[in-house]
Amino acid sequence: KKTDFKLILTKTNDYLAAFKDSSYNDRVNFLKGVALIQTSQEALGEKVLKSLVNNKETPEYLKGLARTELSTLAIKNKTL
């Protein structure tokens with residue numbers, strides 16, 4: 001089954017609007033960044049992922065995942 005990134009983007013935006021102070025917001029923002037990239041909104045997705053990497057409150061494992069996605073995006077853009 002193919003992943004519906006537009007639905008993920010809608011759901012992450014709804015969640016972030018409803019739960020502004022949730023401890024899961026970093027994880028949801030990571031999903032939002034990936035969904036943005038997958039729906040051809042690469043500049044916005046990159047911005048979301050970079051904000052996670054630069055936020056000192058973000059857990060290290062999420063920073064690592066965000067860096068991996070940013071590296072993949074950079075490689076993809078260089079090869080196109």
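Grouping the Ile, Leu, Val, Met, Phe, Trp and Tyr side chains by contacts below 4.5 angstrom, directly or via other members, places Ile8 apart from Val48. In the hydrophobic clustering of ILVMFWY residues, with side-chain heavy atoms under 4.5 Å counting as a link, Leu73 and Leu44 come out apart. Criterion: ILVMFWY side-chain heavy atoms under 4.5 Å apart, direct or through other members. Under it, Leu70 and Leu52 are part of a common hydrophobic cluster. Under a hydrophobic clustering in which Ile, Leu, Val, Met, Phe, Trp and Tyr are joined whenever their side-chain heavy atoms come within less than 4.5 Å, directly or via other members, Ile37 and Leu62 fall into the same cluster. Under a hydrophobic-cluster definition in which Ile, Leu, Val, Met, Phe, Trp and Tyr are linked whenever side-chain heavy atoms come within less than 4.5 Å, directly or via other members, Tyr61 and Val53 are assigned to the same cluster.
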Checklist line | side-chain contact (heavy atoms from CB on, under 4.5 Å) evaluation trace for Leu31 with Val34 | finding: CA-CA 5 Å; Leu31 290 174; Val34 171; 5.8 Å; no
Next item on the list: Could you please spell out the steps behind the side-chain contact (heavy atoms from CB on, under 4.5 Å) verdict for Asn25 and Tyr15?
Entry: CA-CA 8 Å; Asn25 282 358; Tyr15 181 89; 3.4 Å; yes
Margin query: For Phe30 and Asp26: C-alpha separation, side-chain torsions, deciding distance, then whether side-chain contact (heavy atoms from CB on, under 4.5 Å) applies.
Written below: CA-CA 6 Å; Phe30 173 75; Asp26 289 334; over 6 Å; no
Margin query: Could you go through Asn77 and Glu42, starting from their C-alpha distance and side-chain angles, then the distance that decides it, and tell me whether this counts as side-chain contact (heavy atoms from CB on, under 4.5 Å)?
Written below: CA-CA 10 Å; Asn77 289 337; Glu42 293 174 352; 3.6 Å; yes
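Glu69 CD to Lys76 NZ: the interatomic distance, rounded to the nearest 0.5 Å, is 10.5 Å. One finds the NZ atom of Lys63 at 8.0 Å from the CG atom of Asn54 (value rounded to the nearest 0.5 Å).
Looking only at distances, no side-chain donor or acceptor of Asn55 sits under 3.5 Å from a matching main-chain atom of Ser51.
Atom NZ of Lys11 sits in a sparse spot, with 12 or fewer heavy atoms from other residues, nucleotides or ligands closer than 6.0 Å.
The minimum heavy-atom distance linking Lys32 with Leu9 is given by the pair CG-CD1, 3.9 Å.
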